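Please read the structure below before turning to the comments.
This is a predicted model, so every value here is computed, not measured.
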Amino acid sequence: MKSLCFSPRTASLSISRQSNSPSLSSTARRRFSQSAIEQAIDAAAAIIMKWDAETSAYAGVTSLFHESKREAMQFTKSVNELQDIMHLLVSDQDSGSEKFSQAQRLMQIAMKRLQKEFYQILSTNRADLDPESVSTRSSRTSTSMSDYDDDGLPDDEIRTAGDSITELEDVSSTAMSDLKLIADCMIASGYAKECIRVYKIIRKSIIDEGIYKLGIEKLSSSQVNKMDWDVLDLKIKNWLDAEKISLRTLFKGERILCDHVFSSSDSIKESCFAEISKEGATLLFGFPELVAKAKKSPMEKMFRVLDMYTAISEDWQEIETIFAFESVSAVRLQAINSLVRLSESVLSLLTDFESTIHKDSSKAMTPGSGLHRLTMYSMDYLTLLADYGNILTDIISDWPPPAKSSLPESFFDSPVSDDSPRPAISVRIAWLILVLLCKLDCKSKHYKDVSLSYLFLANNLQHVISRVRASNLMYLLGEEWITKHEAKVRQFAANYERLAWGQVFASLPENPMASMTGGKAKECFMKFTSSFEDAYSKQCSCVVPDLKLRDEIKASIGTKVVAVYREFYDMQKSTVGEESSEKLFVRFSPEDVGNYLSELFFATVSSGSSSTSSSTSSHHHRYMRSLLRA
């Protein structure tokens with residue numbers, strides 16, 4: 001296709017072609033005789049003057065492209081022929097002739113008309129040419145947007161294409177084709193500047209309005225820092241939605257429209273798109289950088305920072321495609337800067353989180369040896385972090401790992417070797433949990449009763465494991481890590497059982513079925529009663545929130561107490577003596593012991609754990625206190 005650039009206002013000439021065809025002057029001389037030139041000018045004058053708004057009232061209130069597409073095509077065809085004639089006259093050194101002056105005046109009138117038509121189409125089809133309509137249509141059909149193909153398409157193909165788009169898309173397609181036809185004609189005639197100016201003014205206003213409606217505004221670092229978190233959080237949520245919408249519709253649609261309307265000139269479509277979109281896009285991708293620099297607490301900020309990092313990184317390929325021009329490289333650079341700042345913020349927040357665990361100086365003992373608030377807070381945090389595993393892997397891939405000497409020996413699915421390096425995210429999460437467990441170990445030492453410290457460790461480690469199993473932490477840490485720490489829970493529980501209930505176990509004879517004297521039996525019953533009452537009074541307020549761990553501990557204690565005591569009770573009860581002696585020395589039946597044990601670890605505590613209480617348990621507690629006072 002030819003691309004002729006000529007400005008009749010200065011009578012300058014520039015000719016460029018995409019093929020090595022004979023020069024215009026030689027072919028034109030064969031095509032045109034003097035009379036033919038005059039006839040062509042007259043023909044062009046007829047249609048051009050018909051649409052001169054200064055001489056025709058009809059032309060002043062009517063749109064050429066809206067009134068008749070056929071006449072619009074004839075109009076642009078006449079302009080192109082007029083351009084060829086002017087080139088011919090210039091090449092024949094006849095630019096001072098009356099014919100050239102007439103052609104020049106006609107060209108100016110035609111360009112003024114086309115500029116008006118260009119403006120009208122952009123303005124009246126503002127809704128149909130909104131970026132969302134353009135981008136949606138582009139994604140649904142790959143058929144040509146041109147209504148002016150000289151060869152045309154077969155009727156059945158036209159019907160098929162028409163059926164595939166909605167009426168709105170059809171209007172959008174027609175408007176885009178009209179704009180392209182006008183732009184090609186004006187650019188070829190040397191009026192690119194006038195065409196571009198109209199396009200930029202209207203289209204930039206649409207992009208700016210879209211950005212404004214999406215809630216994107218210009219903010220400074222100080223403004224963001226001064227915002228309450230609730231306000232900033234709403235702005236971040238809004239930005240996450242706005243980023244998707246603006247990228248997939250606003251900027252994508254504008255890029256499609258620019259590329260289509262100005263397809264005849266790469267430099268023009270680049271400059272138009274840059275001037276229209278650069279400001280809004282830079283503002284859009286600058287907001288995350290401001291948030292990254294804001295000083296907010298780790299729990300409040302971390303996950304919004306990760307959300308914004310995810311949004312930009314997932315859309316990076318689209319960002320590079322839409323803003324591929326060198327003239328909009330500042331947009332890509334801003335997006336990269338925001339990613340860098342967001343990743344730095346994540347690393348800083350992870351460090352702050354670790355520091356928060358280290359600095360927790362609370363010495364208050366958790367009632368009932370239940371869950372510590374630090375355990376629940378930390379695991380809530382880490383569980384949410386695990387949902388961003390892929391993003392965190394990207395962010396911390398180059399972050400130096402903690403000292404190996406401080407890490408657990410193994411916490412992965414399979415043995416770690418030099419050929420299978422530890423994933424950075426897994427190392428970091430395991431390290432943070434280790435820091436938490438070390439802090440909990442320190443806090444357990446605040447219990448005067450060592451058995452309660454072991455129950456505290458068992459409860460809190462079990463909570464850690466449960467949260468790992470029920471979240472994506474399981475995939476980061478692996479089954480072997482879980483198995484290893486479950487063994488630690490069993491060890492803590494066994495230590496608790498030994499220290500809390502050891503005296504009860506020891507009060508029962510090794511061979512409960514062995515015969516003994518009445519005095520010896522009374523002594524054993526009294527010893528059991530005393531040790532059981534003492535142990536129960538200390539342990540009745542303890543809590544085990546985890547159902548599985550609670551049942552395991554109670555089953556273990558029950559096996560060692562109830563079963564042995566039942567054998568001893570059945571064997572020795574009759575040796576105690578008469579009924580009055582029996583009531584004095586044998587206070588508990590095996591069923592009583594079993595009932596008391598079954599009600600253990602349900603006490604309600606103020607630590608926020610999930611334990612419960614029951615009226616039955618309260619009754620047993622009151623009864624035990626009455627026994628102790630007796």
Minimal non-hydrogen separation, V328 against A274, with atom names:
CG1-CA, 3.5 Å
Could you check L440 against L461 for side-chain contact (heavy atoms from CB on, under 4.5 Å), going step by step and ending with a plain yes or no?
CA-CA 9 Å; L440 292 173; L461 181 52; over 6 Å; no
Rounded to the nearest 0.5 Å, what separates atom OH in Y388 from atom OG1 in T393?
14.5 Å
Would F532 and Y565 count as a close aromatic pair, with their ring centres under 6.0 Å?
no
Evaluate salt bridge (charged side-chain N to carboxylate O under 4.0 Å, His left out) for K293 paired with E289, printing each intermediate quantity in order.
CA-CA 6 Å; K293 294 177 180 179; E289 184 175 1; 3.4 Å; yes
Pair K548 + E486, salt bridge at N-O below 4.0 Å
no
Are the charged groups of D534 and K538 less than 4.0 angstrom apart, N to O?
yes
Note, F251 side chain near L284 side chain (heavy atom, < 4.5 Å):
yes
Would you please test Q334 and T282 for side-chain hydrogen bond (donor to acceptor under 3.5 Å, both in side chains) and show each step?
CA-CA 6 Å; Q334 179 58 72; T282 303; over 6 Å; no
Main-chain N/O of T310 paired with S313 side-chain donor or acceptor, under 3.5 Å:
yes
State, yes or no, whether a side-chain contact exists between K252 and T321 at a heavy-atom distance under 4.5 Å.
no
Show the nearest heavy-atom pair for residues I211 and G280, with the distance to one decimal.
CD1-O, 4.0 Å
What one should report as the nearest heavy-atom pair of K443 and S361 is NZ-C, 4.2 Å
Without swapping roles, check the side chain of E243 against the backbone of I312 for a donor-acceptor pair under 3.5 Å.
no
Enter the distance from S598:OG to L600:CG here, rounded to the nearest 0.5 Å.
8.0 Å
Nearest 0.5 angstrom please: L382 CG to L350 CG, how far?
9.0 Å
Minimum side-chain heavy-atom gap I391-I395 below 4.5 Å:
yes
Counting only heavy atoms not in Q503, do more than 12 fall under 6.0 Å of its CD?
no
Quick check against the 3.5 Å criterion: does K301 have a side-chain atom that pairs as donor or acceptor with the backbone of V291?
yes
Check: S329 side chain, E326 main-chain N or O, donor-acceptor pair, under 3.5 Å
yes
Could you check whether any side-chain heavy atom of I236 comes within less than 4.5 Å of a side-chain heavy atom of L232, counting everything from C-beta outward?
yes
List the atom of L597, the atom of K554, and the distance in Å for their closest heavy-atom pair.
O-CD, 3.2 Å
For the CD atom on E552, are there more than 12 heavy atoms of other groups (residues, nucleotides or ligands in this structure) within a distance under 6.0 Å?
yes
Do the side chains of K237 and D233 get nearer than 4.5 Å, heavy atoms only?
yes
Please confirm whether the backbone N or O of A335 pairs with a side-chain atom of S338, one donor and one acceptor, at under 3.5 Å?
no
Within a radius of less than 6.0 Å around CG of N390, do more than 12 heavy atoms belonging to other residues, nucleotides or ligands occur?
no
Yes or no on side-chain contact (heavy atoms from CB on, under 4.5 Å) for L333 and N337, after CA distance, side-chain angles and deciding distance?
CA-CA 6 Å; L333 181 60; N337 285 341; 3.9 Å; yes
If you define the side chain from C-beta out and look only at heavy atoms, does anything of K278 sit under 4.5 Å from F325?
no
Check: V543 main-chain N/O paired with N459 side-chain donor or acceptor under 3.5 Å:
yes
Got a sec: does the NZ of K244 have more than 12 other heavy atoms crowding it under 6.0 Å?
yes
May I ask you to decide whether R566 forms a salt bridge with D570, counting only side-chain N to carboxylate O separations under 4.0 Å?
no
Checking side-chain contact (heavy atoms from CB on, under 4.5 Å) for the pair I396/V427: CA distance, chi angles, key distance, verdict?
CA-CA 10 Å; I396 71 175; V427 171; over 6 Å; no
Between S362 and D360, do the side chains contain an N or O donor and an N or O acceptor separated by less than 3.5 Å?
no
Could you tell me whether a side-chain N or O of N595 sits under 3.5 Å from a main-chain N or O of D592, the two making a donor and an acceptor?
no
Any chance you could measure I465, atom CD1, to D546, atom CG, to the nearest 0.5 Å?
9.0 Å
Flag side-chain contact, heavy atom, 4.5 Å: Y381 against M302
yes
Measure across S397 and D394 and return the closest heavy-atom pair with its distance rounded to 0.1 Å.
OG-O, 3.3 Å
Decide yes or no on salt bridge (charged side-chain N to carboxylate O under 4.0 Å, His left out) for K213 and E209, but give the supporting numbers first.
CA-CA 6 Å; K213 287 182 176 179; E209 181 183 344; 2.9 Å; yes
Heavy-atom count check: over 12 atoms from other residues, nucleotides or ligands less than 6.0 Å from E279 CD?
no
Point-to-point distance, once rounded to the nearest 0.5 Å, from CG of N460 to OG of S378:
10.0 Å
Taking the side chain as everything from C-beta on, heavy atoms only, tell me whether I433 gets closer than 4.5 Å to L477.
yes
Inter-residue atom distance R469.CZ - Q462.CD, 0.5 Å rounding
9.5 Å
Are side-chain N/O atoms of Y496 and Q539 paired as donor and acceptor at under 3.5 Å?
yes
With side-chain contact (heavy atoms from CB on, under 4.5 Å) as the criterion, how do F303 and L349 come out once you've worked through the C-alpha distance, each side chain's angles and the decisive distance to 0.1 Å?
CA-CA 10 Å; F303 303 104; L349 291 169; over 6 Å; no
For residues F505 and K560, report the shortest heavy-atom separation together with the two atoms involved.
CE2-CB, 3.7 Å
Classify the ring geometry of F285 against F323: parallel below 30°, tilted from 30° to 60°, perpendicular beyond 60°.
perpendicular
If we count only N and O atoms by modelled type, under 3.5 Å, do the side chains of E497 and S556 hold a donor and an acceptor together?
yes
Counting the benzene-type ring for Trp, do F568 and F525 have ring centres under 6.0 Å apart?
yes
N472 side chain vs T383 backbone, donor-acceptor pair below 3.5 Å
no
Measure the acute angle between the ring planes of F456 and H372, then classify it against the limits of 30° and 60° as parallel, tilted or perpendicular.
perpendicular
Taking the side chain from D228 and the backbone from D230, do they hold a donor-acceptor pair closer than 3.5 Å?
no
Is a side-chain N or O of T559 found less than 3.5 angstrom from the main chain of A555, in a donor-acceptor match?
yes
On the 0 to 90° scale, with breaks at 30° and 60°, tag the F528-F588 ring pair as parallel, tilted or perpendicular.
perpendicular
